[in-house]
Amino acid sequence: MNWKRKWIAALATLSQPCAPAIAARYAIRDVTLIDGTGRPAVRHRTVLIDNERIVALGGVRLPIGKARVIDGRGKYLIPGMIDTHIHLRDTGPDGKKRSMDIAAAQATLAGFLALGFTTVADLGNLPGTVQVMRGADPRISARLLIAGRVFTSPGGRNEDIGIALTSADPAVLARHREDEHPDLIKMVEDKGGFGGQSAATALSPELMRAIVEESHRHGLRVVVHIAREADARAAIAAGADGLAHPVWAEAESEDLVQLMARRRIPFATTLAIADQYGRLMRHPDYLDRPDYSLVLSEAERNRMRTEQRAQFLLQPVAAWREQTLSTEMRNVVRIVRAGGIAALGTDLVSGASSHREMQLLRQAGLSPLEVIRIATLNAAVFLGRDRDLGSIAPGKIADLVLLNRDPTADIDATEDIAMVMHDGLVVDLGRLPVAGTKELLRREVGASQAVNP
Ligand SMILES: [Zn+2]
């Protein structure tokens, strides 16, 4: 090395400590990091955030410049959690499904944020509220992705919140994109009917394929509601990017398990909804218990009251729905064990229900690290947003949750939240417009467990 090079090298070393490589707004320092990829926790990490992005990750000696320090000692950092399958809707006085009003939707999305769910996806709704809430302030609202109205067949399931198609008319699909601004497309494929009671019509294989191809041409992923193995196979054959449920109405074949794993088709787990129906049947006063008032949002309770009247007081259906929970749990675990991609989704509409989903995944036999990955990176993969969301790495959006306890020891620690950062902004948890404080939400989640035998 000549003297000039030596001199330059010496200058570079000298200037390092006082000139951080990257300007940063926040430094979460000396924290135990659980990055969402399923890798084990790493202690003594520092995460730098600038504007809405994570810009650097390192040890406790990482230069942080003028960044504001958030003390991570004794705490655990996970990515913001994601529920891939909710519906911001309730039931009107006429018994029909309707969009939640804006105020209820605001409180619901604030509630998700309070409980560490920084992104949720509405997989099917009438136009109105979801388009408004899509651009909500990240300091008071979970990020909302939407499917808008679903595509179904005339007389098929979800026609009341859908567009019934007989052909993949590009003009109809274009109008849906232009009017409803979907982030992804949802189709409904369910020939069995609910409880096997009313066989529904379904989209033809050609029609599903045409919808998938047209949506892909416009950069939109397509996820599909399914109930049975035949529905799942039809969706995969049509080129679907994800399934909005596991096979839940029957046990799946080993062949399907291997297909889902090999093709890396993500699916939303949706165990919590069967669990709720089961508990509803065992505890007829379930919906009106005060300790459920926040585990179930008002919208969920309204929906279930209506559905309860409609069909769930028929005991054979209830018994069947209870059985489907254990079937569904086994189906989920088998695909995870085969290397497939389970993504957290509830088909419900409160952050507390989303935490219930995590408990059920744990009960099904998955490890806390697996459950965290399902609730973070895998969910981002399901939504096609894993370049930006779902794990803690430089370049990703700073959606982060700081926990007081170790979630790899006890998954319920994901409710014991010290701080939520959304889009690089620290959420003022005490000022969120939720119906009740964070502490109340947490306590009532706890109460729900006591009732579950
Ligand atoms: Zn749904």
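Whatever order the structure lists ligands and atoms in, that order sets their numbers, starting from 1. The first residue of the sequence shown is numbered 1, and numbering continues consecutively from there.
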Side-chain ion pair, E214 and R217, N-O less than 4.0 Å: yes
I'd like to know if the side chain of H245 pairs up with that of T270 as donor and acceptor (distance under 3.5 Å, no hydrogens or angles considered). yes
Do any of the N/O/S atoms of H225, backbone or side chain, fall under 2.8 Å from the Zn ion (ligand 1)? no
H245 N/O/S atom closer than 2.8 Å to the Zn ion (ligand 1): no
So, do F151 and H176 have ring centers that fall under 6.0 Å from each other? yes
The atom of D347 among N, O or S that is nearest the Zn ion (ligand 1) is OD1
Under 3.5 Å, is there a donor-acceptor pair linking the side chains of E229 and S253? yes
ang(NE2 H85, the Zn ion (ligand 1), NE2 H87) rounded to 10° is 100°
